[in-house]
Amino acid sequence: MAGKEKRVEAITAMDQDFTQWYTDVVLKSELIDYSSVKGCMILRPYGFAIWENIQKNLDQMFKDTGHENVAMPMFIPESLLQKEKDHVEGFAPEVAWVTHGGSEKLAERLCIRPTSETLFCDHYSQIIQSWRDLPKLYNQWVSVVRWEKTTRPFLRSTEFYWQEGHTAHATAQEAVEETIRMLNVYADFYRDYLAIPVVKGQKTEKEKFAGAVDTYTVEAMMHDGKALQSATSHYFGDGFAKAFEIQYSDKNNQLQYVHQTSWGLSTRSIGAIIMVHGDDSGLVLPPRIAPIQTVIVPIAAHKAGVLEKAKEMKAELAKQFRVKLDDSDKMPGWKFSEYEMKGVPLRIELGPRDLEQNQCVAVRRDNGEKIVLSLDGLTESVQTLLDEIHEGLYQRALESLNSRIYDASDWQTMSELIAEKPGFVRAMWCGDLACELMIKEELGATSRCLPFDQVKVADTCVCCGKPAVKEVIWGKAY
RNA sequence: CGAGGUGUAGCGCAGUUGGCUAGCGCGCCUGCUUUGGGAGCAGGAUGUCGGGGGUUCGAGUCCCUUCACCUCGACCA
């Protein structure tokens with residue numbers, strides 16, 4: 001069967017209406033449901049299981065780089081939030097406030113954290129005294145609240161889950177290294193677990209995080225050519241340290257300010273998985289974070305030996321994989337469609353004909369290929385297939401990304417590309433905010449990043465024609 | 001926050017110029033038969049017509065108001 005054939009009538013075709021396709025997929029595949037609170041989504045078991053797998057693997061990468069997990073309160077006193085000027089200005093429009101405890105009005109209202117820089121800073125100012133206390137490499141897995149005007153499941157919800165790392169270092173250099181290290185952790189994670197290639201780079205002044213000196217980003221390209229800022233890492237310098245008086249005595253007994261970073265990856269990454277790998281039949285999940293890596297569908301389960309063998313197979317595979325045996329009385333065809341919609345990477349069919357020949361039929365979700373596997377050495381065969389699926393997904397996504405990055409050296413080309421070709425545009429920039437604003441205003445594209453791998457497309461700014469200083473990747477973004 | 005759209009059973013929808021007991025498909029429950037791409041038959045359950053107010057002898061239908069969700073823009077992980 002061809003993998004591209006549309007088999008699930010309930011899902012809108014991607015090329016017909018991509019946003020509707022997305023909505024159909026998140027609901028029909030039971031990742032989320034809408035809740036009774038505007039803009040807030042319920043992460044259903046299947047959706048949360050993906051997040052758990054993301055957490056498990058990314059958390060290990062944090063541990064491997066020396067980080068410790070903590071949990072900060074979800075409330076921030078207004079006075080604390082206001083200590084760093086740029087930071088509060090950036091977040092003020094979208095914070096939710098607690099004004100009452102029971103029926104008592106609070107003396108000072110409490111903000112529900114939109115991010116926790118101020119909490120970490122306040123804490124760091126208490127616990128850091130000596131150079132021996134540094135570095136502090138903290139992370140937390142929590143939800144945050146931002147009062148968004150337009151919300152979409154995973155991509156922008158009022159409350160969302162994420163991790164936020166917050167570190168304090170003795171020197172600026174150490175903090176810069178940490179910022180880049182964690183950006184690379186994100187890029188590696190996207191490649192090795194989500195099978196998504198990203199473009200690494202730096203945000204412009206306009207796009208950087210409120211209160212940061214520098215913001216770095218990994219940008220992924222969705223199926224429709226739009227960009228998704230997929231994780232960010234910030235270098236703060238000593239700006240927060242000065243605002244919060246986070247000082248330590250160095251080896252010469254001199255008081256010094258710490259240098260800080262923060263970095264985050266959210267449930268938005270699940271949106272990236274959906275929009276990078278999904279197809280007209282629904283989700284396509286990368287094997288390493290798929291809640292169900294392999295589903296076993298017995299055929300004619302009432303016939304002698306079929307169900308017994310299927311159970312035996314499940315027990316064996318479960319030692320190494322997340323495996324499900326669907327022995328419900330639904331029709332096999334129904335099950336095929338159901339698990340395709342839910343993006344299960346590999347399906348194994350086992351029927352009477354297979355039993356006779358000591359084999360089963362495996363079907364890949366990524367390309368629809370059917371493969372006859374011997375029941376001997378099945379664990380190894382499945383492992384190989386899952387790895388191939390991961391690699392196949394990554395290569396397909398990489399090809400999709402690379403084939404849709406265009407160069408523009410003049411305004412005319414740039415405007416045509418942005419208007420007509422979904423994807424990213426590489427173009428030179430003089431560094432002026434005015435040009436960045438003009439491009440957004442006139443063309444609807446924003447600067448995604450100043451990529452680390454700079455390509456000199458031209459000598460002059462694509463907008464104003466003055467000498468260019470940097471190559472920028474432009475695109476329409478979620 | 002601006003423009004547009006939609007709210008009727010779990011889901012998708014129909015419901016005429018206001019008129020009788022609010023329907024249909026799917027799903028769900030029970031039983032039997034089926035099983036290699038969304039099975040068949042028989043029986044069964046399910047409604048605050050988004051909420052509130054009004055007009056009327058009578059409102060799912062008309063009016064006012066409010067809430068939610070979706071799409072597109074302006075602002076943001």
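Model, not experiment: these values are computed from the prediction. Below, read A as the first sequence line, B as the second, and so on, with proteins coming before strands; counting in each chain starts at 1.
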Could you check whether [X] gets within reach of a base, just the sugar-phosphate, or nothing at all, counting any heavy atom under 4.0 Å?
X        : value
A:Glu349 : base
A:Ser266 : base
A:Gly39  : sugar-phosphate
A:Ser157 : base
A:Thr19  : sugar-phosphate
A:Asp354 : base
A:Gly351 : base
A:Leu155 : base
A:Tyr339 : nothing
A:Val361 : base

For [N] and [X] - does any side-chain N or O of the residue sit under 4.0 Å from the phosphate oxygens OP1/OP2?
X        : N     : value
A:Lys440 : B:C75 : yes
A:Thr23  : B:U71 : yes
A:Arg152 : B:U71 : yes
A:Lys330 : B:C28 : yes

Using the [atom1] atom in both, what is the distance from [N] to [M], to the nearest Å?
N     : M     : atom1 : answer
B:U30 : B:C70 : P     : 35 Å
B:G2  : B:U16 : P     : 33 Å
B:C49 : B:C11 : P     : 15 Å
B:A74 : B:G15 : P     : 36 Å
B:G27 : B:A42 : P     : 15 Å
B:C67 : B:G50 : C1'   : 7 Å
B:U55 : B:C63 : P     : 15 Å

Paired nucleotide for [N] [Watson-Crick or G-U wobble; both distances under 3.5 Å]:
N     : value
B:C24 : B:G12
B:C1  : B:G73
B:G7  : B:C67

Salt bridge flag under 4.0 Å for residues A:Glu338 and A:Arg347:
no

Basic-acidic side-chain contact under 4.0 Å: A:Asp326, A:Lys314:
no

Please give, in whole Å, the distance from [N] [atom2] to [X] [atom1]?
X        : N     : atom1 : atom2 : value
A:Glu94  : B:C75 : CD    : P     : 13 Å
A:Ile348 : B:G36 : CD1   : P     : 18 Å
A:Tyr186 : B:A77 : OH    : P     : 13 Å
A:Glu148 : B:A77 : CD    : C1'   : 8 Å
A:Phe336 : B:G37 : CZ    : P     : 6 Å

Looking at the rings of A:Tyr235 and A:His259, which for Trp means the six-membered one, are their centres under 6.0 Å apart?
no

A:Trp263 and A:Phe62 aromatic centres sub-6.0 Å
yes

Heavy atoms from C-beta onward define the side chain here; which of [options] lies closest to that of [X]?
X        : options             : value
A:Glu338 : B:G38, B:U35, B:G37 : B:G38
A:Met331 : B:A74, B:G37, B:U35 : B:U35
A:Lys370 : B:G38, B:A77, B:G37 : B:G37

Name the orientation class of the two ring planes belonging to A:His166 and A:Phe120 (parallel below 30°, tilted from 30 to 60°, perpendicular beyond 60°).
parallel

Specify whether A:Phe236 and A:His234 have parallel, tilted or perpendicular ring planes, treating 30° as the upper limit for parallel and 60° as the lower limit for perpendicular.
parallel

Hey, does the Lys NZ or Arg CZ of A:Arg268 hover above the aromatic six-ring of A:Trp51, less than 6.0 Å from the centre and inside 45° of the axis?
no

If you assign each of A:Pro352 and A:Gly90 to its closest nucleotide in RNA chain B, which residue comes earlier from the 5' end?
A:Pro352

Residue mapping more 5' on RNA chain B - nearest nucleotide basis, A:Phe209 or A:Gln20
A:Gln20

Is A:Trp334 stacked against the base of B:G37, taking the criterion as centroid distance under 5.5 angstrom and interplanar angle under 30°?
no

Would A:Arg448 and A:Val199 count as a side chain to side chain contact (heavy atoms under 4.5 Å, CB included) if you check the C-alpha gap in whole Å, the side-chain angles of each, and the deciding distance to 0.1 Å?
CA-CA 9 Å; A:Arg448 302 320 311 151; A:Val199 176; over 6 Å; no

Quick one: does A:Thr150 reach the base of B:A74 with a side-chain donor-acceptor pair under 3.5 Å?
yes

Decide yes or no, distance alone: a donor-acceptor N/O pair under 3.5 angstrom between the base of B:U35 and the side-chain of A:His302.
yes

